[in-house]
Amino acid sequence: MVLAVDVSSWLRLDAGTMPDRSFCPTYGRANAKHQMMPGRPYSVVVDLESGRTSWSALLDAVRLTPSADTAATTAQVREIIERLIGAGRRAEGDPEILIVLDAGYDAPPTAHLLYGLPVQVLGRLRSYRVVRRATPPRIYDPKGGRPPKHGGAFVFGDPAAWG
C-alpha cells in the first residue's frame, strides 16, 4: 500500500477578511507570476494504485490552520493508518505501508512521529539541498587553528560532490 501526502489550496480571492485564512502560493497565474493568494490549504492523503495508472483513492482531506505544522499532517496520517489496520486492510506479515512526501515536508520528523506504525517514509528533497558529511578525524596541525565543525558538502544537484 502506498499513501501520498500533499497540500492542495482552495483559493478564495474575494475573501480577504476570511477568518483562519492563509496565504497560499500559486504558480503560473496572471502572466505566469508566482503569487500568494488568500485561501484555505487542505492536507490531502490518497492511496495510490499500483502499476501504470493515474488513478488514486482519496482517503482524507483536512483543512490546515495558519499555525499548522508537520505534527498536524502526521496526526492525520497516523489516524488513517490506524483506521486502515482496524478495517482489515493490512494484515500481520504484509509489507509496510509506504508514505510518500513531497519536498515541502520534512521526512525525518514525520518518520519519528509515526514511530510504532508499520510504515516507511519516503521524502523528496530539493536539488539545491546541501547536506554535510561527518566531521573528519581531528589531526594535529602544527600551524594551529580551530578544527573543522563539518565535513565536506554533499550537494544533491552536483554529481561531482557525491563521492
Side-chain angles (χ1 to χ4, degrees), residues 1-12 15 18-28 34 36-136 149-159 161-163:
M1 184 180 301
V2 180
L3 303 181
V5 182
D6 205 358
V7 172
S8 182
S9 299
W10 177 32
L11 300 179
R12 299 289 309 274
M18 176 178 59
D20 288 338
R21 75 179 187 279
S22 295
F23 286 96
C24 307
T26 60
Y27 303 99
H34 301 320
M36 298 296 281
M37 303 278 189
R40 289 186 168 148
Y42 285 83
S43 175
V44 179
V45 179
V46 296
D47 182 10
L48 300 177
E49 293 285 328
S50 62
R52 304 180 105 188
T53 179
S54 61
W55 288 95
S56 58
L58 178 66
L59 297 178
D60 197 23
V62 174
R63 186 167 67 89
L64 298 174
T65 61
S67 62
D69 61 357
T70 303
T73 300
T74 306
Q76 176 190 17
V77 171
R78 178 176 282 280
E79 180 186 334
I80 290 169
I81 292 171
E82 289 171 352
R83 274 192 337 229
L84 290 171
I85 292 171
R89 287 280 316 268
R90 185 184 183 281
E92 194 65 37
D94 284 353
E96 292 182 327
I97 299 170
L98 181 62
I99 309 293
V100 181
L101 305 172
D102 198 9
Y105 294 91
D106 279 336
T110 302
H112 176 72
L113 292 171
L114 292 175
Y115 180 77
L117 292 176
V119 299
Q120 291 183 7
V121 177
L122 174 66
R124 184 172 71 94
L125 296 175
R126 298 189 188 281
S127 63
Y128 59 79
R129 191 80 186 255
V130 177
V131 178
R132 295 286 177 177
R133 298 182 190 277
T135 306
K149 271 184 153 180
H150 307 289
F154 182 97
V155 183
F156 289 96
D158 181 14
W162 295 354

Begin from the C-alpha positions of T73 and V5 and carry the test side chain to side chain contact (heavy atoms under 4.5 Å, CB included) through to its verdict. CA-CA 8 Å; T73 300; V5 182; 3.4 Å; yes

Go through Q76 and D60 one step at a time and tell me if the side chain to side chain contact (heavy atoms under 4.5 Å, CB included) criterion holds. CA-CA 8 Å; Q76 176 190 17; D60 197 23; 3.4 Å; yes

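Of the possible polar contacts, none joining the Q120 side chain to the I99 backbone as a donor-acceptor pair under 3.5 Å is found.
With sequence neighbours left out, R132 forms a salt bridge (charged side-chain N to carboxylate O under 4.0 Å, His left out) with no residue at all. Listed by chain and number, the residues in a side-chain hydrogen bond (donor to acceptor under 3.5 Å, both in side chains) with R90 amount to none (sequence neighbours excluded). With sequence neighbours left out, T135 forms a side-chain contact (heavy atoms from CB on, under 4.5 Å) with no residue at all. Residues satisfying the salt bridge (charged side-chain N to carboxylate O under 4.0 Å, His left out) test with E49, not counting sequence neighbours, are none. Residues satisfying the salt bridge (charged side-chain N to carboxylate O under 4.0 Å, His left out) criterion with E79, sequence neighbours excluded, are R83.
Annotation for V119 and E96: closest pair O-OE1, 3.8 Å, computed over non-hydrogen atoms.
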All N/O donor-acceptor pairs, side-chain side in residues 101-118, below 3.5 Å, sequence neighbours left out:
unit_1	atom_1	unit_2	atom_2	d
D102	OD1	R124	NE	3.0
D102	OD1	R124	NH2	2.7
T110	OG1	D106	O	2.8

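Here the CG-CG distance, from L122 to L3, works out to 12.5 Å after rounding to the nearest 0.5 Å.
Between D47 and R89 there is a salt bridge, since at least one side-chain N of the basic residue sits less than 4.0 Å from a carboxylate O of the acidic one.
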